[in-house]
Amino acid sequence: MVNSNANALGIIFPNSYDSMVPELVGDRLMASIPFAGRYRMVDFILSSMVNSGIDNISLIVRKNYHSLMDHLGSGREWDLTRKNGGLNIVPPFAEKTVKVYNGRVEALASILQFLKSQKEKYVVMADTNLAVNFDFKAFIDAHIASGADVTMAYTEEMVPESMLESQASINSMYYNLDLDGTRVKEIHINSRAIGLQKMSMNIYIISREMLINQVREAYIRGYVYMERDILAPNLDSLNVQAYKYDGYLARIRDIRSYFEENMKLLDEKNLDALFSGGPIYTKIRDDNPTRYINGSKAKNIMAADGCVIGGEVENSVLFRGVKIGKGAKVKNCVLMQDTVIEAGASVENIITDKNVTITFGKEVKGTDTFPVYIAKNQTV
């Protein structure tokens with residue numbers, strides 16, 4: 001891990017995009033959604049911060065955070081078990097002023113006393129709907145060099161038409177840049193435009209003192225959202241710069257994009273791109289390597305540790321502890337931890353949550369544009 005500390009503290013919002021994937025957040029939050037075989041969504045942003053020397057990181061949670069606390073524990077896997085700084089999970093109602101927030105202004109207002117007591121000069125903020133290996137050190141350096149009040153990270157992406165049909169969070173946005181290509185000219189929240197756009201990553205950096213002042217004033221006025229209520233109306237008075245990210249990015253917008261982004265990682269180029277740079281840390285589960293039974297067939301799969309494969313598996317992502325019985329057929333599937341596909345069963349284009357069982361001889365099929373989702377602990 002990086003030993004040199006960055007002069008910044010990190011704040012992560014684990015619940016911001018829960019509304020986009022209601023199927024997956026029944027008893028968890030966006031941050032703890034499993035992804036890429038053995039990881040959770042929070043692992044990518046959290047590891048990126050740690051790799052960049054940020055060792056004082058707070059997660060402000062709203063609800064359904066038991067799975068996140070179980071996953072993160074004391075932060076040992078991320079080297080965040082420290083006397084000063086380290087990992088700090090802020091639940092609602094932890095203090096008199098802490099409540100279940102709606103937007104970033106309310107969330108940050110609940111930890112103003114904490115922010116005042118810290119020593120870092122800058123605050124880096126991020127959500128957890130992105131699987132990305134982000135260089136926060138380069139981001140911080142660019143912010144300092146530009147002399148900006150706020151710097152926002154963005155990517156140039158093709159916006160799918162399906163986004164117009166979804167009930168996106170108000171924080172889902174992209175923005176246009178000024179003519180010099182770096183200063184943000186306008187922020188379009190939930191715009192109807194499609195095609196190639198400059199899409200916000202909702203990763204920001206701002207000085208700690210300025211953040212405290214902006215949040216205090218906004219909260220007094222009853223404002224809720226940082227982007228809509230603080231940044232967008234003040235782009236003329238605030239120097240808001242844009243930082244372009246050109247690396248690999250998996251953005252979870254809905255259940256279909258979750259399926260597609262997992263499947264993209266079966267391409268080695270995408271897998272290498274996501275995991276290039278700093279390592280991605282996660283909770284350790286001591287388990288045996290994947291075991292292939294005589295007569296089994298596997299083609300183009302990602303299998304985590306603890307899997308036992310006795311049937312035929314093709315173009316699928318298997319999380320830890322998945323078991324495929326003899327004669328079972330699995331194609332184009334994302335099977336989460338400890339899923340069991342019994343002998344003779346056939347599944348195609350499905351997503352199973354943890355501890356799902358598909359019983360002997362059953363056939364379950366979706367389509368590549370509409371994968372079937374089976375909830376946690378269900379038996380079919």
Side-chain angles (χ1 to χ4, degrees), residues 1-14 16-17 30-31 35-36 39-59 72 75 77-80 85-87 120-157 173-175 177 181-184 198-208 211 239-252 261 264-265 268-282:
M1 296 186 183
V2 176
N3 293 320
S4 59
N5 293 340
N7 192 14
L9 62 90
I11 297 178
I12 298 175
F13 303 90
S16 295
Y17 287 86
M30 171 64 81
F35 186 78
Y39 301 92
R40 303 291 184 113
M41 290 298 296
V42 69
D43 293 339
F44 295 90
I45 289 294
L46 189 60
S47 298
S48 295
M49 287 186 175
V50 170
N51 291 332
S52 301
I54 301 173
D55 59 8
N56 183 1
I57 303 173
S58 295
L59 292 92
L72 296 178
E77 283 83 358
W78 296 266
D79 193 26
L80 290 174
L87 185 67
E120 289 85 356
K121 184 174 182 180
Y122 301 102
V123 177
V124 175
M125 295 175 284
D127 293 319
T128 55
N129 67 313
L130 305 177
V132 59
N133 206 327
F134 191 80
D135 188 347
F136 280 98
K137 188 177 186 305
F139 182 55
I140 295 169
D141 291 344
H143 173 75
I144 295 171
S146 69
D149 296 318
V150 183
T151 300
M152 312 167 69
Y154 77 96
T155 60
E156 287 192 345
E157 296 180 52
M173 71 176 74
Y174 58 85
Y175 49 85
L177 305 184
T182 58
R183 183 161 181 169
V184 179
K198 296 176 176 63
M199 182 75 78
S200 168
M201 295 174 69
N202 280 358
I203 294 176
Y204 303 90
I205 181 172
I206 182 173
S207 75
R208 183 172 56 84
L211 179 64
N239 180 8
V240 181
Q241 294 287 318
Y243 176 86
K244 185 177 180 180
Y245 174 73
D246 290 318
Y248 187 86
L249 173 76
R251 187 188 296 267
I252 308 304
E261 293 298 345
K264 283 180 183 178
L265 297 180
E268 287 190 9
K269 290 182 180 179
N270 294 333
L271 188 65
D272 291 343
L274 176 58
F275 288 93
S276 64
I280 304 299
Y281 309 101
T282 191

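In this chain, numbering begins with 1 at the start of the sequence shown. Computed from heavy atoms alone, side chains included, the values below leave out hydrogens, waters and symmetry copies.
- Taking the six-membered ring for Trp, Y154 and Y243 have ring centres at least 6.0 Å apart.
- Counting heavy atoms from C-beta outward, I280 and N133 have side chains that approach closer than 4.5 Å.
- A 4.5 Å side-chain heavy-atom check between V240 and R183 finds every atom pair outside the cut-off.
- The two residues A6 and S52 have their closest heavy-atom pair at CB-O, 3.7 Å.
- Of the inter-residue distances, the one linking K269 atom NZ with Y248 atom OH reads 13.0 Å to the nearest 0.5 angstrom.
- Contact check on E120 versus R208 returns no salt bridge, with no Lys/Arg side-chain nitrogen under 4.0 Å from an Asp/Glu carboxylate oxygen.
- Here F13 contributes atom CZ and N129 contributes atom CG; the two are 13.0 Å apart, rounded to the nearest 0.5 Å.
- A side-chain donor-acceptor contact under 3.5 Å links D135 to the backbone of K137.
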Which is it for K244 and T155 under the side-chain contact (heavy atoms from CB on, under 4.5 Å) test, yes or no, and what are the steps along the way? CA-CA 6 Å; K244 185 177 180 180; T155 60; over 6 Å; no

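- Once rounded to the nearest 0.5 Å, the distance linking CD1 of I205 with CD1 of I203 reads 11.0 Å.
- The pair R251-E157 counts as a salt bridge, with a side-chain nitrogen and a carboxylate oxygen less than 4.0 angstrom apart.
- The closest donor-acceptor contact from the side chain of S47 to the backbone of F44 lies at 3.5 Å or more, if one exists at all.
- Side chains of E77 and D43 form no contact here, defined as non-hydrogen atoms less than 4.5 Å apart.
- Side chains of W78 and I57 form no contact here, defined as non-hydrogen atoms less than 4.5 Å apart.
- Side chains of N202 and Y17: a donor-acceptor N/O pair is present below 3.5 angstrom, by distance only.
- Annotation: side chain of T128 is not in contact with side chain of S16 (no heavy-atom distance under 4.5 Å).
- Of the possible polar contacts, none joining the Y39 side chain to the V42 backbone as a donor-acceptor pair under 3.5 Å is found.
- Contact detail for A131 and L274: the closest heavy-atom pair is O-CD1, 3.5 Å.
- Taking 4.5 Å as the limit, every side-chain heavy atom of I11 sits out of range of all side-chain heavy atoms of V124.
- Taking both residues in full, the closest heavy atoms of D149 and I206 are given as O-CG1, 3.5 Å, listed atom of the first, atom of the second, then distance.
- Note: F139 and F134 have perpendicular aromatic rings, judged against thresholds of 30 and 60 degrees for the angle between ring planes.
- For the atom pair CE (M30) and CZ (F35), the distance works out to 11.0 Å, reported to the nearest 0.5 Å.
- Residues L80 and L46 meet the side-chain proximity criterion, which asks for heavy atoms closer than 4.5 Å.
- In this structure, CD on E261 lies 8.5 Å from CE on M41, to the nearest 0.5 angstrom.
- Side-chain N/O atoms of N239 and Q241 include a donor and acceptor closer than 3.5 Å.
- Two residues are said to be in side-chain contact when any heavy atoms from C-beta on lie closer than 4.5 Å; M49 and I12 meet this criterion.
- With hydrogens and angles disregarded, a donor-acceptor distance shorter than 3.5 Å links the side chain of N7 to the backbone of K121.
- Looking only at atom types and distance, the side chain of N51 has a donor-acceptor partner in the side chain of Y281 under 3.5 Å away.
- Looking at I144, L9, T151, I54 one by one, the single match for side-chain contact (heavy atoms from CB on, under 4.5 Å) with Y122 turns out to be I144.
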